Amino acid sequence: MEKTEKQDFLSMDRRTFLKVVGAIGASTFLGLHRTQITKALELSKTKVIWLHGAECTGCSASLLDAGNPDIMQAINKLSVDLVFHETIMAHQGIFVDGAPAGTSELNSEILLDEAIEEGDYILVVEGAIANGPDGSGKYCMYGERTFKDMFEKAASNASMIMAVGMCAAFGGINSADSDIADLTDFRGVDFVKESHSKGMLTELGIDKPVINIAGCPSHPDWVLLTLAAVILGKFSLNDLDSVLDKYKRPTVFFPETNTMHDNCPRRGYYDRGILDDDFSGEGCLLKVGCKGPYTRSDCGLRKWNNGVSMCTQAGSSCIGCAEPGFPDSTSPFYEMGEDKPLMGGVTIDTAAKVGTAAAVAGVGVHALRRFVFKDKEE
């Protein structure tokens, strides 16, 4: 921490910057470097327009639950001009004699239109975008306007787009398999599940830089630190491929070579072959459906609630909410995926069987995984 505190982040190369934000939380980063950030941004503000589509507002709630910094502190420290965020902006939408008041100070629709026309902003999208029925977008309406129409105008003038949460990034629960999924036709900004070709930007023929912040909900650190990286120029919009994975998630938070399982607080039980059969124990939760071995996120390292706890620590298995196919690809949540290979090629069923033997023999399951891996290679 002391070493980090003494570093000048403005002179950090991108690799070092990513290591720092990957190792510490938003509160620490923004707190340590507040003076430098203020100095870097004192002459300019970054405009942000935040739109809500089909969602539960859980990602905004997650961000609002961030304690230090809270949303207002973060906005101030990053010199953000949050032009439009329907959930937390001042009350607007005043009508006079049945007609909307005709100024942007009194009517949010006018405010949004004026902000879009000015351009030069980061567009944050929370929630999926309805394309149905039949491409009309009428399954998600704002008054007399479709959200699809609002998104199209806002995306066309944006400098870049951050899709926050699974609904905006990959369609999320709105795009889950159902009898009406084809009719409603909800899309993510740039993806639908794992498919880039079905994203709304492709549907509309718009080409913009996109960063997907996965999670249901997304972690406040993932949102704030990504926003900080963009604002401070550590994520170059002309070279996003070098810092994003194939699903356009920042690899610093969604590592390609690690899973949530690697830093899970219950990992020690897995290594000793202690696998719980229900949710009341303290052991590894693989046998009750934990998807930690398939989920690429740093939840186990970063944790939630200001670094206090996380799902598996609170007794629930990981449901894989940061993976593009969620929720279909990780359902049923609380049943063991026997046919899915763990990292290293061993199935959970094998791990569970081996775990019992390993516990008796005092041998870690990972020792066997290494053996199996080595055996395969040979």
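Here the structure is a predicted model, which means the values were calculated and not measured.
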Looking only at the aromatic ring of each residue, does the gap between the centers of H261 and Y270 stay below 6.0 angstrom? yes
When hydrophobic residues are tied together by side-chain contacts of less than 4.5 Å, even through go-betweens, does M162 share a cluster with L204? no
Within the distance-only criterion (no hydrogens, no angle test), does the side chain of E256 pair as donor or acceptor with the backbone N or O of R296 below 3.5 angstrom? no
What I'd like to find out is whether the side chain of E55 reaches to under 4.5 Å of the side chain of V164, using heavy atoms alone. no
Measuring only between side-chain heavy atoms, which start at C-beta, is C216 closer than 4.5 Å to I173? no
Output the distance between atom SG (C290) and atom CD1 (I319), rounded to the nearest 0.5 Å. 10.5 Å
Are the side chain of T251 and the backbone N or O of D245 linked by a donor-acceptor pair below 3.5 Å? no
Is the backbone of D177 close enough, under 3.5 Å, to the side chain of D328 for a donor and an acceptor to pair up by distance? yes
Using the side-chain contact (heavy atoms from CB on, under 4.5 Å) rule, take D120 and S159 through it: C-alpha gap first, then chi angles, then the decisive distance, then the call. CA-CA 6 Å; D120 191 26; S159 302; 3.9 Å; yes
Are the aromatic rings of Y334 and F279 close, with centres under 6.0 Å apart? yes
With a 4.5 Å heavy-atom cut-off, do E152 and I206 have their side chains touching? yes
Are any of the side-chain heavy atoms of L51 and L123 separated by less than 4.5 Å? yes
Between atom CD1 of I161 and atom CD1 of I49, what is the distance when rounded to the nearest 0.5 Å? 11.0 Å
Which heavy atom in A163 sits nearest to a heavy atom in N212, and how many Å separate them? CB-OD1, 3.3 Å
Check F186 against A54 and note the closest heavy-atom contact, atom names and distance. CE2-CB, 3.4 Å
Heavy-atom check, side chain of L183 versus side chain of P133, under 4.5 Å: yes
Taking every heavy atom of A176 against every heavy atom of A181, the minimum-distance pair comes out as O-CB, 3.6 Å
Is E194 atom CD crowded by more than 12 heavy atoms from other residues, nucleotides or ligands, each under 6.0 Å away? yes
Judged by atom type as modelled, is there a donor-acceptor pair below 3.5 Å linking the side chain of K138 to the main-chain atoms of T146? no
Would you tell me whether T295 and S297 have side-chain atoms, one donor and one acceptor, within less than 3.5 Å of each other? no
Side-chain heavy atoms of D207 within contact of L201, under 4.5 Å: no
Nearest heavy-atom pair of G292 and C318: which atoms, and what distance? N-CB, 3.6 Å
Is the W222 ring parallel, tilted or perpendicular to the W304 ring (thresholds 30°, 60°)? perpendicular
Looking at NZ of K148 and OG of S136, how far apart are the two atoms once the value is rounded to the nearest 0.5 Å? 7.5 Å
Can you tell me if R266 uses its side chain to pair, donor with acceptor, with the backbone of T312 under 3.5 Å? yes
Checking the side chain of K287 only, and the main-chain atoms of M336 only, is there a donor and an acceptor separated by less than 3.5 Å? no
Is it the case that the side chain of D298 and the backbone of L301 share a donor-acceptor pair, with hydrogens and angles ignored and the cut-off at 3.5 Å? no
Spacing of OG belonging to S156 relative to NZ belonging to K208, to within rounding of 0.5 Å: 7.0 Å
K291/E323 ion pair, N-O < 4.0 Å: no
Would you check, one step at a time, whether the test side-chain contact (heavy atoms from CB on, under 4.5 Å) holds for Y142 with M150? CA-CA 9 Å; Y142 271 61; M150 293 171 61; 3.5 Å; yes
Does a sphere of radius 6.0 Å around CG in D134 hold more than 12 heavy atoms from other residues, nucleotides or ligands, not counting ones at 6.0 Å or beyond? no
Are I211 and Y121 connected in the hydrophobic side-chain network, where two residues link if heavy atoms are under 4.5 Å apart? no
Could you measure the distance from the CD1 atom of I213 to the CG atom of L225? Nearest 0.5 Å is fine. 9.5 Å
Do V210 and F254 belong to the same hydrophobic cluster, where Ile, Leu, Val, Met, Phe, Trp and Tyr are linked whenever their side-chain heavy atoms lie under 4.5 Å apart, directly or via other members? no
Locate the shortest heavy-atom distance separating V288 from S317; write the atom from each residue and the value. O-OG, 3.8 Å
Please find the pair of heavy atoms, one from N157 and one from I116, that lie closest to each other, and give the distance. ND2-O, 2.7 Å
side-chain contact (heavy atoms from CB on, under 4.5 Å) for I231 and V80? Distances and angles first, verdict last. CA-CA 9 Å; I231 291 174; V80 166; 3.6 Å; yes
For T259, is there any backbone N or O sitting under 3.5 Å from a side-chain donor or acceptor partner on D262? yes
Transitive ILVMFWY side-chain link M89 to V48, under 4.5 Å: no
With heavy-atom distances below 4.5 Å as the criterion, would you say the side chains of M200 and F151 are in contact? yes
Check whether any side-chain N or O of D276 sits under 3.5 Å from a backbone N or O of E282 as a donor-acceptor pair, and report yes or no. yes
If two hydrophobic side chains count as joined below 4.5 Å and joins carry through other members, does I88 share a cluster with L112? no
Hey, are the side chains of F326 and F170 touching, using non-hydrogen atoms and a 4.5 Å cut-off? no
side-chain contact (heavy atoms from CB on, under 4.5 Å) assessment of K303 paired with V308: CA-CA 6 Å; K303 298 187 179 180; V308 173; over 6 Å; no
dist E126:CD -> H85:NE2 (nearest 0.5 Å) comes out at 6.0 Å
Look at the side chain of R187 and the backbone N and O of K198, then say whether any donor-acceptor pair between them is shorter than 3.5 Å. yes
